[in-house]
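The sequence lines fix the lettering, A, B, ..., with proteins before strands; numbering per chain opens at 1.
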There are 2 protein chains.
Amino acid sequence: MTSTYAVSESMEDYLKTIFKVINKQHVARPKDIAKILKVSAPSVTGALRSLAEKEFIHYSPYDLITLTQKGENAAKDVIRRHDVLQNFFEKVLLVEQKEADEVACRMEHVVSPNIMDRFISFIEFLEICPRAGEKWISGFGYYCDHDGKLDNCEKCIELTLENLREKKRKGGNEAMVVKKLNELEPGNKGRVVKVAVSGETGRRLVEMGVTAGTMVEIEKVAPFGDPIDIKVKGYHLSLRKEEAAGITIEPV
Amino acid sequence: MTSTYAVSESMEDYLKTIFKVINKQHVARPKDIAKILKVSAPSVTGALRSLAEKEFIHYSPYDLITLTQKGENAAKDVIRRHDVLQNFFEKVLLVEQKEADEVACRMEHVVSPNIMDRFISFIEFLEICPRAGEKWISGFGYYCDHDGKLDNCEKCIELTLENLREKKRKGGNEAMVVKKLNELEPGNKGRVVKVAVSGETGRRLVEMGVTAGTMVEIEKVAPFGDPIDIKVKGYHLSLRKEEAAGITIEPV
DNA sequence: TGACAGACTTAGGTTCGTCTAATATAATTA
DNA sequence: TAATTATATTAGACGAACCTAAGTCTGTCA
Ligand SMILES: [Mn+2]
Ligand SMILES: [Mn+2]
Ligand SMILES: [Mn+2]
Ligand SMILES: [Mn+2]
């Protein structure tokens, strides 16, 4: 059984750490990496040499460390896997943050791309399907904390059904509401209706499979609405305002 | 970060394999182990020496291999972790069996006891809470296969609510139905109402946290109803008929 | 500008899990 | 029972990922 990803678990953690350090303080130094990963300085030197050889980073002794494009992609991918898993543990299994983070950091290296996608879809479905959603998860919390007792499910279902009908009544009057991605606010979620973005970003979106039907969440909007940070399929993505304007969304 | 479990990932896989081989053909030989784990024969010899030293197995060169109690416990624990994960991937995330098995075999070594418990509770909750269950999971399947389209949720919720009320009407007339565990049939599930089992098995049940509220599933019943194989909290357990008779169940 | 402290690398060693080649033992079969 | 075949072990080596101890580089500051 060949390993699922291009580098070893250890190297993935180094890449992840380098990416995070660079994005936080512009430049990554071996000392920081050693501290974060709780390894000795010589271990870091060794890892750097190995990563440079495989062309994940630019590096020579005493030089500063930068990620190659390949390295950045790999790092982002590990981080995505980590985030999806941690999110699932925290938001669905209601596990405490520290443990969710720790276990995600071990699982991130072994989860398959396919199962990743399923986790993402599952969480989306959970958020969208009116049978489930937040209320249902809190019911799971009750179940866990009370030795397998179910909390009053009937009321909850009635309410759900009520809301669903309400929404439908309204929906019958107005046409499907769509907005441009740049018109949404942090925390808003929606489903992609159309993508009309050219250039590198457009290509990246297609590559990532961001097409009609994909769920998008607004994470952060900078002053003057540029750039806009979004989450799609577990990826964190930063869009220019004009790029975001090319994406049509049906808010959820 | 110290590793979560007592032995390395590799050794856990050896233990698991030894357990399975013994339970299948009574005696484990290095050749079988090598074949299953896809390693060379000398690798097996090395692993056996190492496991013997740590007292997980009884072994000396050319001798036959048996698990110590410690080894058997460890093996069962790995298998439980594996099964719970694989089950979640297959039954909840609707992942195909081969991949579910492979990824479970990697994750089994890094999932924490706590998150294990959550997975188990989550699956139970999914099976019990009338908002979710099988119908809901099949809705998730539809969602995955149709690019994020929701299948007619309203009808499904109405039906669920209907069933729930139906059940309640019936439930109002008759008192809570309870049975003895030995009266159930393979595939039946239920919630433990009372445990009155003495001896080693009783102690084991308590250790495993099998108390009022725990979900139990009947897996297999031998001819004449003895022994009875059950699944509790992810563990597979074999009970004598008289032991099973000491456990009161409310069928679900 | 030159010393020095702190950061980084080199040198060299350990453990783990794997391998191949050679050897020893056990089982089968003529 | 002797020869042959199948299995298992020993010997020795390797790469990955870590470590400690000992040097080397560099930015800072007197
Ligand atoms: Mn994290
Ligand atoms: Mn990690
Ligand atoms: Mn399996
Ligand atoms: Mn495994």
Side-chain angles (χ1 to χ4, degrees), chain A residues 1-18 21-22 24-66 74 78 105-106 108-110, chain B residues 1-18 21-22 25-66 71 74 78 105-106 108-110:
Chain A
M1 289 305 98
T2 170
S3 183
T4 321
Y5 298 100
V7 275
S8 70
E9 305 195 2
S10 174
M11 290 305 122
E12 283 197 343
D13 280 341
Y14 280 104
L15 280 173
K16 193 172 75 165
T17 305
I18 291 168
V21 171
I22 289 179
K24 196 180 160 200
Q25 53 194 222
H26 195 64
V27 54
R29 288 179 310 170
K31 200 186 82 151
D32 309 316
I33 301 168
K35 192 173 177 196
I36 292 172
L37 289 180
K38 293 183 182 124
V39 294
S40 68
S43 299
V44 176
T45 305
L48 294 177
R49 237 207 301 269
S50 160
L51 287 172
E53 201 174 310
K54 291 169 191 135
E55 302 190 294
F56 285 99
I57 61 174
H58 298 295
Y59 167 77
S60 49
Y62 299 103
D63 205 15
L64 53 79
I65 303 153
T66 45
V78 184
C105 187
R106 311 262 256 125
E108 68 194 5
H109 313 289
V110 303
Chain B
M1 288 303 97
T2 169
S3 183
T4 321
Y5 298 100
V7 276
S8 70
E9 306 193 3
S10 175
M11 291 306 123
E12 283 196 343
D13 280 341
Y14 280 104
L15 280 173
K16 191 172 76 166
T17 305
I18 292 167
V21 171
I22 289 178
Q25 54 194 222
H26 195 64
V27 54
R29 288 178 312 168
K31 200 186 83 151
D32 308 316
I33 301 168
K35 192 173 177 197
I36 292 172
L37 289 180
K38 294 184 181 118
V39 293
S40 68
S43 298
V44 176
T45 305
L48 293 177
R49 237 207 302 270
S50 160
L51 287 172
E53 200 174 309
K54 291 168 192 135
E55 303 190 293
F56 286 99
I57 62 173
H58 297 296
Y59 167 78
S60 50
Y62 298 102
D63 205 16
L64 54 79
I65 303 153
T66 45
V78 184
C105 187
R106 312 261 255 125
E108 68 195 5
H109 313 289
V110 303

*Asks:* What are the residues of residues 42-58 of chain B, sorted by number, that bring a heavy atom to within less than 4.0 Å of DNA chain C?
*Replies:*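 DNA chain C contact set from residues 42-58 of chain B: B:P42, B:S43.
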
*Asks:* How many whole angstroms separate atom CG of B:L64 from atom C1' of C:dA27?
*Replies:*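 Rounded to the whole Å, the gap is 15 Å.
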
*Asks:* Which residues pass the side-chain contact (heavy atoms from CB on, under 4.5 Å) test with A:A52, sequence neighbours left out?
*Replies:*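 With sequence neighbours excluded, A:A52 shows a side-chain contact (heavy atoms from CB on, under 4.5 Å) to A:I57, A:Y59, given in chain and number order.
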
*Asks:* Quick one: side-chain hydrogen bond (donor to acceptor under 3.5 Å, both in side chains) partners of A:S50, sequence neighbours excluded?
*Replies:*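 Partners of A:S50 by the side-chain hydrogen bond (donor to acceptor under 3.5 Å, both in side chains) criterion, ordered by chain and then number, come out as A:K54.
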
*Asks:* Using a 4.0 Å cut-off to any heavy atom of chain A, which nucleotides of DNA chain D are the first and last in contact, reading 5' to 3'?
*Replies:*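 Endpoints of the contacted stretch of DNA chain D: D:dA17 to D:dC25.
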
*Asks:* Looking at residues at least two apart in the chain, or sitting in another chain, which of them share a side-chain hydrogen bond (donor to acceptor under 3.5 Å, both in side chains) with A:S40?
*Replies:*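 Checked A:S40 against side-chain hydrogen bond (donor to acceptor under 3.5 Å, both in side chains); matches are A:S43.
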
*Asks:* Rounded to whole angstrom units, what separation is found between the CG atom of B:D13 and the P atom of C:dC16?
*Replies:*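 Nearest whole value for this atom pair: 17 Å.
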
*Asks:* Tell me, yes or no, whether the heavy-atom count around A:Q25 atom CD, taken from other residues, nucleotides or ligands under 6.0 Å, exceeds 12.
*Replies:*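 Yes, the 6.0 Å shell around CD holds more than 12 heavy atoms from other groups.
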
*Asks:* For DNA chain D, which residues in residues 25-33 of chain A have a heavy atom at a distance below 4.0 Å?
*Replies:*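 Under 4.0 Å from DNA chain D: no residue of residues 25-33 of chain A.
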
*Asks:* Do any side-chain nitrogens or oxygens of B:Y14 fall under 4.0 Å of OP1 or OP2 in C:dT18?
*Replies:*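 B:Y14 to C:dT18 OP1/OP2: side-chain N or O found under 4.0 Å.
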
*Asks:* Between A:V21 and A:A28, what is the shortest heavy-atom contact and its length?
*Replies:*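 Here A:V21 and A:A28 meet closest at CG1-CA, 3.7 Å.
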
*Asks:* So which one's nearest nucleotide on DNA chain D is more toward 5', A:E9 or A:P61?
*Replies:*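 Result: A:E9.
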
*Asks:* To the nearest 0.5 angstrom, please state how far the OG atom of B:S3 sits from the NE2 atom of B:H109.
*Replies:*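 Answer rounded to 0.5 Å: 10.5 Å.
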
*Asks:* Give the C-alpha distance, both sets of side-chain angles, the deciding distance and a yes or no for side-chain contact (heavy atoms from CB on, under 4.5 Å) between A:I18 and A:L51.
*Replies:* CA-CA 11 Å; A:I18 291 168; A:L51 287 172; 4.1 Å; yes

*Asks:* Report yes if a side-chain nitrogen or oxygen of B:S40 is closer than 4.0 Å to either non-bridging phosphate oxygen (OP1 or OP2) of C:dC19; otherwise report no.
*Replies:*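 Yes, within the criterion.
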
*Asks:* Please name all residues satisfying side-chain hydrogen bond (donor to acceptor under 3.5 Å, both in side chains) with B:K31, sequence neighbours left out, ordered by chain then number.
*Replies:*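 side-chain hydrogen bond (donor to acceptor under 3.5 Å, both in side chains) list for B:K31, sorted by chain: empty.
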
*Asks:* Atom OG1 in B:T45, atom OH in B:Y62: separation rounded to 0.5 Å?
*Replies:*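 Spacing of OG1 (B:T45) from OH (B:Y62) equals 8.5 Å.
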
*Asks:* Please identify each residue that fulfils side-chain contact (heavy atoms from CB on, under 4.5 Å) with A:L37, with sequence neighbours left out.
*Replies:*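 side-chain contact (heavy atoms from CB on, under 4.5 Å) list for A:L37, sorted by chain: A:D13, A:Y14, A:T17, A:I33, A:V39.
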
*Asks:* Using the test side-chain hydrogen bond (donor to acceptor under 3.5 Å, both in side chains), find all partners of A:D32 that sit at least two apart in sequence or belong to another chain.
*Replies:*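 side-chain hydrogen bond (donor to acceptor under 3.5 Å, both in side chains) check on A:D32 returns nothing, list empty.
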
